[in-house]
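Letters A, B, ... are given to chains in the order of the sequence lines, protein chains preceding strands, and every chain is numbered from 1.
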2 protein chains.
Amino acid sequence: MKWKELEEEPCSMARTIGVIGDRWTLLILRECFLRTRRFEGFQSALGITRHLLAERLKKLVRLGILRRIPYQEAPKRHEYILTQKGLDLYPIMMALVHWGDTHMVDERGRPLLHQHRKCGKDFDPVMVCSECGEPLLAKEVHTHPGPGAQSPLTIEAPDKPKAKARRSAA
Amino acid sequence: MKWKELEEEPCSMARTIGVIGDRWTLLILRECFLRTRRFEGFQSALGITRHLLAERLKKLVRLGILRRIPYQEAPKRHEYILTQKGLDLYPIMMALVHWGDTHMVDERGRPLLHQHRKCGKDFDPVMVCSECGEPLLAKEVHTHPGPGAQSPLTIEAPDKPKAKARRSAA
DNA sequence: ATTTGACAGTTCAATTTTAGAACTGTAAAG
DNA sequence: CTTTACAGTTCTAAAATTGAACTGTCAAAT
């Protein structure tokens with residue numbers, strides 16, 4: 001599987017991974033949410049090579065996640081800003097941060113806190129069901145094929161052509 | 001920046017990316033949530049090379065995201081199952097799926113639907129504020145340094161040592 | 001008038017990762 | 001005794017990433 005194919009798989013997660021599933025893209029997007037907009041800004045904040053940065057920005061623009069907007073003529077210069085499609089990545093970013101906050105902090109505690117302007121409090125992001133509002137637990141979710149399914153991932157792993165129960169577990 | 005350093009950055013997102021931020025790791029984790037547990041299962045479901053699969057599984061076990069549990073003696077065989085730390089990645093997975101469902105589906109619609117056993121309905125995951133329960137919008141969140149901060153990412157980009165306003169925008 | 005610096009890339013050799021395919025080893029089944 | 005299932009390991013070729021230098025435009029300083 002080469003990674004262009006990812007975007008064509010009948011799996012929304014695979015497609016998303018094909019778009020943003022690499023280290024630098026994710027870090028670039030982090031910077032975008034932190035209001036970085038310019039080439040040099042990304043480069044110095046991340047230490048990414050200019051080569052890769054240019055390549056990744058181009059890809060994000062091509063995919064409609066960033067928009068490239070001129071901010072000066074003369075030597076033409078552009079800023080990269082998130083489109084709505086890009087802004088919609090926010091829950092992914094927050095979910096990544098929250099997992100890190102939960103499992104990867106050292107003694108000193110969290111590097112960054114998030115305050116919700118609406119209620120004024122520092123918060124954690126919680127993922128809930130759109131229908132009943134309850135927090136989502138993996139165990140309580142049943143996955144089933146939708147209209148765009150075509151074969152893989154019908155859930156409950158249908159891919160054991162010759163499962164034969166060789167022997168009971170040790 | 002080489003990717004071992006990522007895990008030591010004072011940024012929960014960077015640390016998380018250092019752990020799960022690559023294509024194959026993410027795809028392997030997808031399979032875990034779809035109940036795949038064995039080496040051959042992962043390999044045939046994903047088409048990943050055996051070499052990389054072995055390496056990635058080892059890493060996920062080392063990081064405490066998967067547990068390697070014997071299911072048979074004789075030719076020793078193990079299953080890889082999610083620990084609590086691994087299960088906690090669920091919101092990340094759902095956020096990835098949801099973005100793909102929103103922005104990467106073709107005419108046929110979603111490949112997979114998710115049903116919440118609690119309420120019985122097919123749902124979308126929604127990220128809300130732990131304090132007030134309102135859905136989170138990027139614009140409404142203010143980031144500020146926490147106890148574990150040490151320099152970068154104080155938000156509102158403090159990294160322009162010589163910003164001088166060369167000229168107004170075009 | 002010339003040099004320096006900021007900014008946004010591009011180019012290219014060297015290194016690191018990943019892909020692909022074959023090979024190892026145990027044990028059950030035919 | 002040979003084949004098959006399973007879980008890796010080993011090795012070479014191909015692809016991606018790093019590091020460092022180079023290009024080009026314009027403003028400011030000398």
Q: Look at the side chain of A/R108 and the backbone N and O of B/A149, then say whether any donor-acceptor pair between them is shorter than 3.5 Å.
A: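 Absent.
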Q: Using the rule that two of Ile, Leu, Val, Met, Phe, Trp, Tyr join whenever any of their side-chain heavy atoms come within less than 4.5 Å, decide whether A/M13 and A/V141 are in one cluster.
A: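 A/M13 and A/V141: one cluster.
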All N/O contacts under 3.5 Å from nucleotides 15-21 of chain D to the protein, with atom names and distances to one decimal?
residue: D/dT17; atom: OP1; partner: A/R56; partner atom: NH2; Å: 2.8
residue: D/dT18; atom: OP1; partner: A/W24; partner atom: NE1; Å: 3.3
residue: D/dT18; atom: OP2; partner: A/W24; partner atom: NE1; Å: 3.0
residue: D/dG19; atom: OP1; partner: B/K2; partner atom: NZ; Å: 3.2

In this structure, how many angstroms lie between the [atom2] atom of [N] and the [atom1] atom of [X], rounded?
X: B/L27; N: C/dT18; atom1: CG; atom2: P; result: 13 Å
X: A/L46; N: C/dA8; atom1: CG; atom2: P; result: 14 Å
X: B/L66; N: D/dA7; atom1: CG; atom2: P; result: 14 Å
X: A/I28; N: C/dG9; atom1: CD1; atom2: P; result: 12 Å
X: B/F39; N: D/dA5; atom1: CZ; atom2: P; result: 16 Å
X: A/Y80; N: C/dC7; atom1: OH; atom2: C1'; result: 11 Å
X: B/E40; N: C/dA27; atom1: CD; atom2: C1'; result: 15 Å
X: B/Q72; N: D/dC6; atom1: CD; atom2: C1'; result: 8 Å

Q.
As a test of understanding, state which of B/R35, B/R67, B/R38 forms a salt bridge (Lys or Arg N to Asp or Glu O under 4.0 Å) with B/E79.
A.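 Output: one option passes, namely B/R38.
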Q: For B/R68 and for A/R77, locate the closest nucleotide of DNA chain D by heavy-atom distance; then report the residue assigned to the nucleotide nearer the 5' terminus.
A: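 Per heavy-atom nearest nucleotide, the more 5' residue is B/R68.
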Q: Kindly indicate whether the side chain of B/I65, heavy atoms from C-beta on, has any atom under 4.5 Å from the side chain of B/L29.
A: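 Yes, close enough: below the 4.5 Å cut-off.
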Q. Are OP1 or OP2 of C/dA8 and a side-chain N or O of A/K58 less than 4.0 angstrom apart?
A.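 Result: no.
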Q) Would A/D22 and A/K59 pass as an ion pair if we require N to O under 4.0 Å? A)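 Not counted as a salt bridge, because no side-chain N and carboxylate O are separated by less than 4.0 Å.
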Q.
Whether the A/Y80 and A/R37 side chains hold a donor-acceptor pair (N or O, under 3.5 Å, no angle test) is what I'd like checked.
A.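 Their side chains do not contain a donor-acceptor pair, so the 3.5 Å distance test is not met.
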